[in-house]
Student: 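What follows is a single structure, and I will ask about it in a moment.
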Amino acid sequence: MNILNKRYAKYAAIGVLAAGILAVPVRAAILATEEPIAGATVVMEEYCQNVAAGAVSQPAAEPDAAQDPAAEPIAPPVQQEEPEDDHVNLNLNYSRLGIASKVDTYLNVRKKPSESSKIVGKLTKNAGCHIYTVRKGWAKMVSGKVTGWVKASYIVTDEKAEALATKVGRECVEIKADSLRVRALPTTDAPIYSIVSEGEEFVIRKQHLTMNFVNKVIKKQKISKDFISRAGGMEAIQANLDNWVCIRVDNELAFVAKEFVTEQYSLKRAVKVGTLSAGSSDGVSSNQVSIAEYAKQFLGNRYVWGGASLTGGTDCSGFTMSLYRKYGYSLPHNAAAQASVTRSVSSPQPGDLFFYSNGSRINHVAMYIGNGLVIHASNPSDGIKISNAYYRHPVKIGRVMN
């Protein structure tokens with residue numbers, strides 16, 4: 001795996017990976033000692049129930065577009081052969097690279113080259129795409145699982161895009177195993193931080209671990225001596241450093257075994273999201289549609305720990321609290337506390353809240369917006385983003401009660 005070398009500012013090789021943002025159901029295969037185990041569904045249910053039951057008392061707060069025959073065709077993206085040494089290895093391949101750099105937050109991707117056409121996805125600021133063709137101010141593009149048209153004036157292309165890719169891309173890991181257990185410390189003896197889904201991508205915080213770095217994580221995340229002892233002690237941790245990488249999971253740090261991830265330099269990709277509509281057949285009310293559509297307009301806005309401003313900056317629970325406040329509901333500014341005042345449901349509907357744990361308490365909340373997706377204030381790098389609802393396995397799905 002070739003990670004970005006900063007001196008390579010002119011060339012890049014990009015194109016579309018099959019991994020997109022789609023609904024992924026919770027599956028039975030869970031990696032324990034990073035090997036599939038029997039009875040994993042029961043293990044997952046017990047794990048979720050135990051965490052959800054104890055977490056709420058924790059005081060820790062978080063203050064297809066059709067081809068236009070009149071357009072000039074450009075060859076579709078093809079898989080590059082082994083890249084030259086002077087090329088940057090990214091998570092996309094392309095014939096013509098585009099990056100949505102001239103937007104404040106996101107760019108709508110439409111089914112046809114018209115502002116009145118249906119929205120089929122969103123391309124957030126600095127996300128990458130392959131450009132098929134440009135015609136009359138519109139660019140036909142593909143990014144992730146999204147194909148459609150965007151306003152060309154908001155996209156930089158060609159050499160400018162290749163140079164920009166070296167500045168706005170991130171070193172990431174892509175998960176290669178389904179239901180991979182992410183650890184709180186770099187050893188399989190460490191308690192589980194979270195369980196993540198195959199194909200999901202997480203930003204690397206530290207690729208080559210040192211004990212000095214691990215000690216900083218222990219201090220920053222206030223990991224107790226008992227917790228370290230359960231992980232086998234500092235000697236066991238030190239013996240495993242070369243086999244692990246530290247990643248960001250929302251706004252905290254955790255560790256994954258290198259054997260089960262692919263390291264790559266990555267550009268953000270478009271998310272496939274349309275417009276919801278209420279219907280009696282699926283039981284979705286107009287109010288549920290309204291709050292989900294309202295939430296989407298803040299995509300790409302800033303993450304600020306302890307914040308609650310939808311436009312100026314917010315953390316995860318501040319985001320959901322502020323969304324519901326507009327509709328007359330009062331929620332506490334704390335993910336675990338929000339979990340305690342919502343009713344558990346098994347089949348999510350737009351507006352429901354997904355709660356995620358760090359292994360000891362609920363530490364993150366997101367809002368379901370339909371089609372297997374959630375929107376959430378994730379971290380300072382991504383801000384408010386849309387993710388697969390099961391990018392981390394939730395410990396509770398909660399419905400706000402009247």
Side-chain angles (χ1 to χ4, degrees), residues 29-37 40 43-44 46-48 50-52 54-55 58-60 62 170-198 200-263 305 316 335-336 355-364 378-381 391-395:
I30 296 178
L31 301 182
T33 56
E34 282 37 58
E35 296 281 343
I37 59 174
V43 173
M44 185 64 205
E46 291 178 352
Y47 167 69
C48 293
N50 291 338
V51 173
Q58 294 292 329
E62 345 156 327
R170 302 94 57 84
E171 293 179 1
C172 294
V173 297
E174 182 177 327
I175 306 301
K176 296 192 301 182
D178 189 32
S179 299
L180 181 66
R181 291 182 172 184
V182 178
R183 303 286 174 170
L185 290 171
T187 168
T188 56
D189 293 323
I192 301 168
Y193 175 92
S194 191
I195 298 174
V196 298
S197 296
E198 185 175 7
E200 294 298 328
E201 194 172 75
F202 296 89
V203 173
I204 294 174
R205 172 61 181 85
K206 184 76 170 177
Q207 184 185 14
H208 303 293
L209 300 182
T210 64
M211 284 306 295
N212 183 52
F213 175 80
V214 172
N215 282 321
K216 288 180 179 179
V217 173
I218 290 171
K219 183 177 180 180
K220 180 179 180 180
Q221 301 193 173
K222 299 179 180 179
I223 297 175
S224 68
K225 291 182 179 179
D226 177 65
F227 198 94
I228 296 170
S229 177
R230 290 161 56 198
M234 297 301 285
E235 290 184 1
I237 292 172
Q238 185 170 10
N240 282 283
L241 289 184
D242 292 342
N243 301 321
W244 295 78
V245 60
C246 181
I247 62 173
R248 289 196 178 277
V249 182
D250 294 315
N251 199 37
E252 291 189 0
L253 302 180
F255 299 86
V256 290
K258 291 181 178 180
E259 180 182 358
F260 300 100
V261 300
T262 299
E263 299 173 26
W305 189 86
C316 64
F355 296 97
Y356 307 92
S357 168
N358 66 0
S360 61
R361 63 181 176 86
I362 289 175
N363 73 327
H364 194 66
S378 179
N379 57 63
S381 176
Y391 76 104
R392 296 166 64 181
H393 289 190
V395 295

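Throughout, numbering of the chain's residues begins at 1 and tracks the sequence.
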Student: Would you say W244 and L185 make side-chain contact, with heavy atoms under 4.5 Å?
Tutor: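 No, every pair of side-chain atoms sits at 4.5 Å or beyond.
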
Student: What distance do E171 atom CD and I247 atom CD1 have between them, rounded to the nearest 0.5 Å?
Tutor: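 CD1 of I247 is found 14.0 Å from CD of E171.
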
Student: For R392 and D250, what are the C-alpha separation, side-chain angles and deciding distance, and is it a salt bridge (charged side-chain N to carboxylate O under 4.0 Å, His left out)?
Tutor: CA-CA 10 Å; R392 296 166 64 181; D250 294 315; 2.7 Å; yes

Student: With sequence neighbours left out, what residues match N240 under side chain to side chain donor-acceptor pair (under 3.5 Å)?
Tutor: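 If we apply the side chain to side chain donor-acceptor pair (under 3.5 Å) test to N240, skipping adjacent residues, there are no hits.
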
Student: Looking only at heavy atoms, what is the nearest atom pair of Y193 and A184, with distance?
Tutor: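 For Y193 and A184, the tightest heavy-atom pair comes out as CB-N, 3.8 Å.
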
Student: Checking S381 against R170: is there a side-chain donor and acceptor pair closer than 3.5 Å?
Tutor: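 Judged by distance alone, the side chains do pair up.
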
Student: Determine, stepwise, if the pair Y356 / Y391 fulfils ring pair (Phe, Tyr, Trp, His ring centres under 6.0 Å).
Tutor: CA-CA 10 Å; Y356 307 92; Y391 76 104; 5.1 Å; yes

Student: To the nearest 0.5 Å, how far apart are CZ in R181 and OG in S194?
Tutor: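 Those atoms lie 11.5 Å apart.
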
Student: Just so I know, are the side chains of C246 and I204 near enough to count as touching, which here means a heavy-atom distance under 4.5 Å?
Tutor: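 No, side chains not in contact.
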
Student: Can you give me every donor-acceptor pair (side chain of residues 211-239, partner residue at least two apart or in another chain, under 3.5 Å) with its distance?
Tutor:
{"unit_1": "N215", "atom_1": "ND2", "unit_2": "M211", "atom_2": "O", "d": "3.1"}
{"unit_1": "Q221", "atom_1": "OE1", "unit_2": "L253", "atom_2": "N", "d": "2.7"}
{"unit_1": "Q221", "atom_1": "NE2", "unit_2": "L253", "atom_2": "O", "d": "3.2"}
{"unit_1": "S224", "atom_1": "OG", "unit_2": "F227", "atom_2": "N", "d": "3.1"}

Student: Between S197 and H393, is any pair of side-chain heavy atoms under 4.5 Å apart?
Tutor: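 Heavy-atom side-chain distance check passes, below 4.5 Å.
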
Student: Are E252 and N358 close enough that some pair of their side-chain heavy atoms sits under 4.5 Å apart?
Tutor: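 The answer is yes; the side chains approach within 4.5 Å.
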
Student: Any side-chain donor paired with an acceptor under 3.5 Å for E259 and N243?
Tutor: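 The answer is no; no qualifying pair exists.
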
Student: Indicate yes or no: at least one non-hydrogen side-chain atom of E263 is less than 4.5 angstrom from one of C172.
Tutor: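 Answer no - side chains too far apart.
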
Student: Which is it for F202 and V261 under the side-chain contact (heavy atoms from CB on, under 4.5 Å) test, yes or no, and what are the steps along the way?
Tutor: CA-CA 10 Å; F202 296 89; V261 300; over 6 Å; no

Student: List the atom of S357, the atom of V395, and the distance in Å for their closest heavy-atom pair.
Tutor: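 In this case the closest contact between S357 and V395 is CB-CG1, 3.7 Å.
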
Student: Salt bridge or not for K258 and D242, using N-O below 4.0 Å?
Tutor: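 Looking at K258 and D242, the cut-off is not met.
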
Student: Can you find a pair of side-chain heavy atoms, one from I192 and one from V182, that are under 4.5 Å apart?
Tutor: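 With C-beta onward as the side chain, the pair stays apart.
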
Student: Mind checking the OG1-CZ spacing from T188 to F255? Nearest 0.5 Å is all I need.
Tutor: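 Going from the OG1 atom of T188 to the CZ atom of F255 covers 14.0 Å.
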
Student: Is there a side-chain contact between V245 and V256 (heavy atoms, below 4.5 Å)?
Tutor: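 Side-chain contact under 4.5 Å: yes.
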
Student: Measuring only between side-chain heavy atoms, which start at C-beta, is F355 closer than 4.5 Å to P394?
Tutor: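 The answer is no; the side chains never approach within 4.5 Å.
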
Student: Between P380 and N251, what is the shortest heavy-atom contact and its length?
Tutor: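 Scanning both residues completely, I find the closest heavy atoms to be CD-OD1, 3.3 Å.
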
